Amino acid sequence: MATLELSEISVRFGGLQALTDVSFRVEENDIVGLIGPNGAGKTTVFNVITGVYQTSAGQVSYDGAPLRGLRPHKILALGVARTFQNIRLFQNMTALENVMVAQHCRTRCGVLGAVLRLPGQKREEERIRERSLEALEFMDLGEYAGELASNLAYGLQRRLEIARALATEPKTILLDEPAAGLNPAESRELMHTIGRISSRGINILMVEHDMKVVMGICRHIVVLDHGVMIAEGEPEAIQRDPRVIEAYLGNELN
Amino acid sequence: MTIRASKLWLRYGLAMAWFFVLLWPLLGIKPEGLEFAVSFAIWIKVAVAAAILLALYQLNKAGAFGFLTRPAAAAGRVAVGAAARVPRWLVLSVVLAAAVSFPFFTERYAHDVAISVLVYIILGLGLNIVVGLAGLLDLGYIAFFGVGAYTYALLSVHFGVSFWLCLPISACFAAVAGCIIGYPTLRMRGDYLAIVTLGFGEIVRIVLNNWMSVTNGPNGILGIKSPGAYWWQGDTLEHIWLNNLEQLYFIILALAVFTVIAVYRLNHSRIGRAFEAVREDQTAAELMGVNTLGIKLLAYALGAVFGGLAGTFFAARMQFVSPESFTFIESAMVLSMVVLGGMGSIPGVILGAVVLIVLPELFRGFQLYRMFVFGGVMAMMMVFRPKGLWPAKRLGQRSEERG
Ligand SMILES: Nc1ncnc2c1ncn2[C@@H]1O[C@H](COP(=O)(O)OP(=O)(O)O)[C@@H](O)[C@H]1O
Ligand SMILES: [Mg+2]
């Protein structure tokens, strides 16, 4: 159920082989870390899963069904939500509105319902608001509901991104460097939050540079280098793996 | 004088020199030869006026008018606070009451202008869905106005279809036209979108102009029926034509009120939020579950619906249509209303329509300089109030915008 499986994914951008034969799984109740130096292809993996890029070979399947050719909003509707490495909030909308947009795929009401304010539409609107506030509260953003996204501090924007992804009611969530730019206290808080997300029964795949965060919460780690998977396994094994150490030489692990 | 102040005066000098360079060729180059006196006479007036304004501005900045501006600002805050406490339904009912009683206190000419304003309000609010909410540029919007007008014109003249029945029919036709222009542009952004929509607007006008057998070409279509009022008398359906300005005013007022309510509700619904999400970041919207292609198509179709409604009324009011009414300048006019008033803001667009229709009427005496002033005002607006006269403000209480 709700297992995300990548099998032998390859992606080319013109002459650049961004990913080569990448295969791994994100199982039920899993927290998988995807690590690797800059430019290794981590964000590309996310873009492939969410349907932004097409693969040149291999396939992604979710819940046993291939995702090939599905548009991103369809893939999201299946239950795979994501956040962005470079924050991509709807800047001129309030925090609450940002999160409410995420409920779009879980609601039905059309133009007529909205114009005539049919009872069904009102109820649905009520529910959207409720769930969105809940998602904001979950990320501890309740007091900022009416604030424009662009007016929020950086750390709050990062949290709002996660709240927005959660509001899509996902079964699997992909976090792209959620701790980037956070201070140590905020990072610790984030680790705790990720734990809480996982305990809601949401599977997590996360890209992260902060090794403390990754080693602390991931149960399984995939290491990419130049688009090739060079290691996969438990955190302890990864930390000792000579290929990983070499790829990271002069980087965080040292 | 501080450095900043002297910089300001330097800029003033540059601006005035530039103004002269622009002005002189217009007034100074004549068949009889070159001439400086006339342009200088005008130039010196503008220069002096600008210098006085600049000096006042600097004095104000230095606090010389503190004794005036401080109490004024305090009074302003009190007024704004009081205004915020007045319930919205009260404001709306006062506005509506004023609009309903308007024809009883004014004469023909005012009715005519008011009808025009209301037509443009509907057009502006329709275009606002596309431009203000969904963030898609549309330079050919008036085409939908044309589609609505010709739909009613043809159905009325050839088949005697009633105005009221034609409202939904025109809306559907316009929506189809909206999808036709929307579909090929779905994957375009920015400049390309502008060019294609501009082209579409022209195509519609040229078709209307050249399809002699159907549209009667540049001569237009005459003899369009006014809206009717129907009732049963015994077994026969009686009717009268509502063709005096007062009656027409109430019809368009009702249409405008319907438009405002519909647009407001759409705005504050799941669909409206999806429009805004597409405007803010299309890729992120798609990844957060919005079918962006479908939503963009819907934005074009909905915008077109209101254009079509306005067009139907326009044909019924004029009892005549011709392609001349649907030129690019009309699209530009409606777009200006949206931009001037405040993109995405309903009161803003209404204000924009009022300003752009009523002001030129007030300044009819300056007919010659209308476009000149128009351009000047738009340029000033973009500098001083880039978000429009009445910027959009949506759900929730927003903190002051930082800028
Ligand atoms: N749309 C694109 N077109 C061309 N090259 C791309 C594109 N997206 C990513 N790349 C390239 O693919 C490689 C992997 O990028 P990315 O997945 O963003 O790395 P990271 O692991 O740092 O997230 C980089 O060399 C990047 O320049
Ligand atoms: Mg990346």
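Because the structure is a prediction, the values reported are computed rather than measured. Protein chains get the first letters and strands the later ones, always in sequence-line order, with residue 1 at the start of each.
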Inset, instruction - Please determine, among K74(A), R164(A), E124(A), R106(A), the option with the most heavy-atom pairs under 4.5 Å with chain B. - result: R164(A)
Legend entry - When A114(A), G113(A), A81(A) are compared by non-hydrogen pairs under 4.5 Å with chain B, the top option: A114(A)
Inset, instruction - Apply side chain to side chain donor-acceptor pair (under 3.5 Å) to Q59(A) and E5(A), showing your working. - result: CA-CA 8 Å; Q59(A) 77 165 2; E5(A) 181 168 9; over 6 Å; no
Inset, instruction - Mind ranking A262(B), A277(B), A285(B) by heavy-atom pairs under 4.5 Å with chain A and telling me who comes out on top? - result: A277(B)
Legend entry - Interface moiety of T107(A) toward chain B, non-hydrogen atoms closer than 4.5 Å: both
Legend entry - L116(A) portion near chain B, given a 4.5 angstrom heavy-atom threshold: backbone
Inset, instruction - Kindly assign one of parallel, tilted or perpendicular to the pair F258(B) and F306(B), based on the angle between their ring planes and the thresholds 30° and 60°. - result: tilted
Legend entry - Set of residues satisfying side-chain hydrogen bond (donor to acceptor under 3.5 Å, both in side chains) with respect to E280(B), sequence neighbours excluded: N92(A)
Legend entry - chain B contact via V80(A) - which portion, at a heavy-atom distance below 4.5 Å: neither
Legend entry - Which of T168(A), N98(A), V101(A) touches chain B most, by non-hydrogen pairs under 4.5 Å: V101(A)
Legend entry - Choice from L293(B), L266(B), N291(B) maximising heavy atom contacts with chain A below 4.5 Å: N291(B)
Inset, instruction - Determine the option with the most heavy-atom pairs under 4.5 angstrom with chain B, choosing from R117(A), R82(A), Q121(A). - result: R117(A)
Inset, instruction - State whether the side chain of N128(B) and the backbone N or O of V338(B) hold a donor-acceptor pair below 3.5 Å, judged by distance alone. - result: no
Legend entry - Minimum heavy-atom distance S132(A)-L96(A), with the two atoms named: CB-CD1, 3.8 Å
Inset, instruction - Below 4.5 Å from any heavy atom of chain A, which atoms of L298(B) appear? Answer side chain, backbone, both or neither. - result: side chain
Legend entry - Most chain A-contacting option - heavy-atom pairs closer than 4.5 Å, from R270(B), R265(B), E286(B): R270(B)
Inset, instruction - Measure from NZ or CZ of R159(A) to the centre of the six-membered ring of Y144(A) and say whether it is under 6.0 Å with the direction within 45° of the ring axis. - result: no
Inset, instruction - Calculate, to the nearest 0.5 Å, the distance between atoms OH and CG belonging to Y62(A) and L4(A) respectively. - result: 7.0 Å
Legend entry - Listed partners of K42(A) passing side-chain hydrogen bond (donor to acceptor under 3.5 Å, both in side chains), at least two apart: none
